[in-house]
Colleague: 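Quick one: the structure is below, and I'll ask about it shortly.
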Amino acid sequence: MCVIRADALWNSTLYETAFFDPYIVFTNSNIIHMLPTPIVIKNYRTDRDTTPNQNNDESKWVYHRRFFLLDRISGVTTTNELRSIHYAKSIRILNTLTNDGTYIQPPVIIIEYNEITLSDISKGTLVEITFETEYRMNLDPHIRDIWIAIGVLSGLGIILAFIRTSIWHSRGGKHIIDLAIIGKFLLFIINIIGTIFFIVMAGVSLWWLIFFKRQGSAFLVIPTSIQQSSFTVLVVIAFILKTIDILHLIIRQSNIDIFFIDWEKPQTSDITDVSVWRSYFVANEWNELQTFRRVTVTFQIISVLFFLKVINLENIATAQPGINLFPSSSDYNASYNGILRVGIAFSMWLATAVVQYLIYVIFYQRFVEDKIINFVDLCSTSNISVFILMDNQYGYYIHGRSPHGITDVNIKDMTMNLERESQGTAGRRGLEPNSDDQIFIIKVDRAFRFQYEILLQNYQNRILTRLNKKIEEREANILLASYRGLNEFLCAFINRSLPTYTYVIRPRWLLEKILNCEFRNTRTSASLDQTESIFYIDPDRNFTKAIFAGYENSLFIWNMATFLFIDYFAFNYVLAAIITYLLNLIATQIRQSLGHQNLANKTLIPKNFLI
């Protein structure tokens, strides 16, 4: 685009009226040929005062052979006075590629004229004139391939949703198909389809970015706004479905059953003479751990903005082949394209996240701190186990029973206990003798769940009573008795002191790990089939699925989908970063608040003690 003063166009010594007949000159068999180039005048009017060339339907266009850049003749009056001139406001050369870019058709020159009058001269009007070259091709095969990929992957996703629903049905101990199962199936579909749409969207944008920018000769073009509608659908649906999925994740994690089993024995004859601060400390660490993630979103966003805005990788997304990160004022600056912006932004998000994750796992987790293992160690030094039920009969168990028996000791005794452990002269921390396995996936049977439900309901009713009215000493004793009843039941269950409620310990089989499911053993009694609970040794720390850290991939995809969604419509990486940060902060605060509330409701720990 260039800007010319209107009075300069009016000056006859600079611009004269001339007609041009464009041709394409090419050589075939050493013979030079000249092919006439068709011209489309956008302002053309027929005898019936219609404007066919302003119609998007090219079959109705009227083509011409000649054009002018400036008309100083038709504006001359009968008194030989120049009242107005016509000039080419925009010139666009339309090139059409065929056979997947193998051939190129003769170009079409599309011209739109405008008029300047004497009044424009007196006002000092500036005239904008644009010249552009546009390439296009039939992208229907590519669009069809995109939807074929989505269809195939969605079909596999529905099968996977069936499998996940079946596993959830088994973990919930359900016998019939009810509305809850149908709703869960739909939520699994939302999770899987949202991920599929995001993956296809990212793949398409990267493919277009790589092959469009590296082409030496034209074989691939940027889709038009109409052709790009399929990609727009991918961006919108991926963001909406992943947002719903994250809301479901927050609600699910904020409604788990959790109980801190206290193994500490009173050192006097008074059974209530057990310190509560160990439980408070472990609960606070769990409360802080609920929103822990290995990939820090704030650092991630800053890193992405650094590469896109400071290093200027944003300029890779311009709608022209080749790369020029720092164009000068004299260089042609093409406009940005939404697909290419998604491609370069996605690649930066992915690259920085992989680097950040590797640094955390290889260096920070090894040489600074591993918050997950630190929490397990804290449980052992506090003599507190964590019993979690994500579903009705499925959950996790962190065995925190101290090998020293008592941990409510002074600094000297604590130091000596840790020293004995480091030298191997004390017992091991594992649930089984001579074992270090402390983390388990648990699948409890119906009998255990029924008894647990009774004790839990009695315990929670007492908590509600405490919350609804001013607590008295009698109510406090009853509440403590309810808590102790549930605590002793779980301690006895873990110690295998209850013949009715037994369990076995075994590692997960390979197929169980692949399908993320559990196969149960059945033992037959004299009267009916009974199932025993199973503790699966969990070296992979699957209990993190009760917190954000266990769903790092889902949260990361949601953050990326948010960023790409905002930028796709706003063409502003900074705005996308701000909104992504705010939405992530809101989600984190909601998860923290609901998890805080759930922890207070299902334990004896008051809210004001959860920091």
Side-chain angles (χ1 to χ4, degrees), residues 249-250 252-254 256-264 275-296 357 360-390 394-404 407-408 414 417-418 421-422 426 428-431 435-442 487 490-491 494 535-552 555 588 591-600 602-605 609-611:
L249 171 65
I250 292 174
R252 173 174 165 77
Q253 288 188 347
S254 301
I256 62 174
D257 287 330
I258 182 170
F259 190 83
F260 298 106
I261 306 173
D262 193 348
W263 295 95
E264 196 76 6
S275 173
V276 74
W277 292 107
R278 293 171 299 101
S279 297
Y280 282 13
F281 190 39
V282 172
N284 272 285
E285 289 301 312
W286 175 265
N287 189 46
E288 293 179 5
L289 205 61
Q290 290 186 100
T291 55
F292 162 70
R293 293 174 60 181
R294 296 176 181 87
V295 175
T296 305
Y357 183 82
Y360 179 87
V361 172
I362 297 176
F363 297 102
Y364 187 86
Q365 187 172 275
R366 291 174 178 266
F367 302 108
V368 181
E369 66 169 342
D370 185 344
K371 289 190 176 183
I372 303 300
I373 291 300
N374 285 353
F375 177 76
V376 177
D377 290 339
L378 175 64
C379 291
S380 294
T381 55
S382 302
N383 214 8
I384 300 290
S385 293
V386 184
F387 188 84
I388 302 170
L389 286 179
M390 296 287 293
Y394 172 86
Y396 309 100
Y397 174 68
I398 303 173
H399 187 64
R401 188 173 187 177
S402 173
H404 309 288
T407 58
D408 194 3
M414 177 66 72
N417 288 342
L418 295 177
E421 282 194 63
S422 64
R428 295 190 176 184
R429 294 180 175 182
L431 177 58
S435 170
D436 293 320
D437 297 321
Q438 293 181 261
I439 306 173
F440 300 88
I441 298 172
I442 59 175
N487 189 79
L490 292 175
C491 287
I494 299 300
F535 279 45
Y536 301 92
I537 300 173
D538 182 25
D540 300 324
R541 311 175 192 173
N542 280 284
F543 81 91
T544 55
K545 293 189 184 313
I547 58 178
F548 267 1
Y551 288 91
E552 193 78 60
L555 291 163
T588 301
R591 173 65 180 89
Q592 190 73 42
S593 177
L594 294 179
H596 186 104
Q597 180 70 35
N598 183 65
L599 200 59
K602 301 197 176 164
T603 64
L604 264 179
I605 301 167
F609 283 95
L610 293 174
I611 304 173

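Positions are given from 1 along the sequence.
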Colleague: Find the distance between OG (S593) and CD1 (I250) and round it off to the nearest 0.5 Å.
Modeller: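 Result: 11.0 Å between the selected atoms.
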
Colleague: Go through the structure and list residues passing side-chain contact (heavy atoms from CB on, under 4.5 Å) with N417, not counting sequence neighbours.
Modeller: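 Testing N417 for side-chain contact (heavy atoms from CB on, under 4.5 Å), a comparison that skips the adjacent residues, returns H404, V409, R420.
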
Colleague: What heavy-atom pair brings L289 and K371 nearest, and what distance separates the two atoms?
Modeller: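 In this case the closest contact between L289 and K371 is CD1-CB, 4.0 Å.
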
Colleague: Quick one: does any side-chain atom of E552 pair with a main-chain N or O of R294 as donor and acceptor, under 3.5 Å?
Modeller: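 It does hold such a pair.
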
Colleague: Could you grab the distance from atom OG of S279 to atom CG of N284, nearest 0.5 Å is fine?
Modeller: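 Reported to 0.5 Å precision, the distance equals 11.0 Å.
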
Colleague: Between Y536 and F440 (judged by ring centroids, cut-off 6.0 Å), do the two rings come close enough to count as a pair?
Modeller: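 Ring centroids of Y536 and F440 are no less than 6.0 Å from each other.
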
Colleague: Treating N598 as the side-chain partner and I256 as the backbone partner, does any N or O pair qualify as donor plus acceptor under 3.5 Å?
Modeller: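 The answer is yes, because a donor-acceptor pair under 3.5 Å joins these two groups.
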
Colleague: Using only atom types and a distance under 3.5 Å, with no angle test, would you say the side chain of Q597 pairs donor to acceptor with the backbone of S254?
Modeller: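 Not at all, since once roles are kept as given, no pair shorter than 3.5 Å links the two residues.
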
Colleague: When F260 is tested against each of I398, L490, V386 for side-chain contact (heavy atoms from CB on, under 4.5 Å), which residue passes?
Modeller: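 In the set I398, L490, V386, the residue that makes a side-chain contact (heavy atoms from CB on, under 4.5 Å) with F260 is V386.
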
Colleague: Check the pair Q365 / I373 against side chain to side chain contact (heavy atoms under 4.5 Å, CB included), numbers first and verdict last.
Modeller: CA-CA 10 Å; Q365 187 172 275; I373 291 300; over 6 Å; no

Colleague: Under the side chain to side chain contact (heavy atoms under 4.5 Å, CB included) criterion, do W277 and V282 qualify, and how do the steps go?
Modeller: CA-CA 9 Å; W277 292 107; V282 172; over 6 Å; no

Colleague: Nearest 0.5 Å, what's the OG1-CZ distance between T588 and R293?
Modeller: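 Reported to 0.5 Å precision, the distance equals 7.0 Å.
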
Colleague: Check the pair L599 / I258 against side chain to side chain contact (heavy atoms under 4.5 Å, CB included), numbers first and verdict last.
Modeller: CA-CA 7 Å; L599 200 59; I258 182 170; 3.8 Å; yes

Colleague: With a 3.5 Å distance limit and no angle check, can you tell me whether N383 reaches the backbone of S402 through a side-chain donor-acceptor pair?
Modeller: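 Checking the backbone N and O of S402 against the side chain of N383, a donor-acceptor pair under 3.5 Å is found.
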
Colleague: For the pair R278 (side chain) and S382 (backbone), establish whether a donor and an acceptor sit closer than 3.5 Å, ignoring hydrogens and angles.
Modeller: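 Looks like yes, one N/O pair under 3.5 Å.
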
Colleague: Can you list everything that forms a side-chain contact (heavy atoms from CB on, under 4.5 Å) with V276? Sequence neighbours excluded, please.
Modeller: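 Per chain and number, V276 pairs via side-chain contact (heavy atoms from CB on, under 4.5 Å) with Y280.
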
Colleague: Once you round to the nearest 0.5 Å, how far does CD1 of I261 lie from CD1 of I494?
Modeller: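 One gets 5.0 Å once the value is rounded to the nearest 0.5 Å.
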
Colleague: If the plane angle is over 60° it's perpendicular, under 30° parallel, otherwise tilted; pick one for Y396 and Y394.
Modeller: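 Plane angle over 60°, so perpendicular.
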
Colleague: Decide yes or no on side chain to side chain contact (heavy atoms under 4.5 Å, CB included) for L389 and I442, but give the supporting numbers first.
Modeller: CA-CA 8 Å; L389 286 179; I442 59 175; 4.1 Å; yes

Colleague: For L418, which residues count as a side-chain contact (heavy atoms from CB on, under 4.5 Å) partner, sequence neighbours excluded?
Modeller: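 L418: side-chain contact (heavy atoms from CB on, under 4.5 Å) contacts with T381, M414, E421, R429.
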
Colleague: So for atom OH, which belongs to Y360, do other residues, nucleotides or ligands contribute more than 12 heavy atoms lying within a distance under 6.0 Å?
Modeller: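 Counting other residues, nucleotides and ligands, OH of Y360 exceeds 12 neighbours.
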
Colleague: Are any side-chain N or O atoms of E264 and backbone N or O atoms of T407, one a donor and one an acceptor, separated by less than 3.5 Å?
Modeller: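 A pair under 3.5 Å: yes.
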
Colleague: Can you name the side-chain hydrogen bond (donor to acceptor under 3.5 Å, both in side chains) partners of N487, sequence neighbours left out?
Modeller: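 By the side-chain hydrogen bond (donor to acceptor under 3.5 Å, both in side chains) rule, N487 matches no residue at all.
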
Colleague: Nearest 0.5 angstrom please: D262 CG to S385 OG, how far?
Modeller: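 Between atom CG of D262 and atom OG of S385 there are 9.5 Å.
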
Colleague: Between CD of Q290 and CD of E285, what distance do you get to the nearest 0.5 Å?
Modeller: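 The CD atom of E285 is 12.0 Å from CD of Q290, to the nearest 0.5 Å.
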
Colleague: Show me the side-chain donor-acceptor pairs of residues 543-551 shorter than 3.5 Å, one per line, residues at least two apart or across chains.
Modeller:
unit_1	atom_1	unit_2	atom_2	d
T544	OG1	R541	O	2.9

Colleague: Okay, side chain of Q438, backbone of H399: is any donor-acceptor separation there less than 3.5 Å?
Modeller: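 Yes, because the side chain of Q438 sits within donor-acceptor range (under 3.5 Å) of the backbone of H399.
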
Colleague: Kindly give the heavy-atom pair with the smallest separation between N287 and Q592, and that separation in Å.
Modeller: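 So the minimum-distance heavy-atom pair works out to O-NE2, 2.9 Å.
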
Colleague: Taking only residues two or more places apart in sequence or in another chain, which ones pass side-chain contact (heavy atoms from CB on, under 4.5 Å) with S435?
Modeller: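 Counting only residues at least two positions away or on another chain, S435 forms a side-chain contact (heavy atoms from CB on, under 4.5 Å) with E432, D437.
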
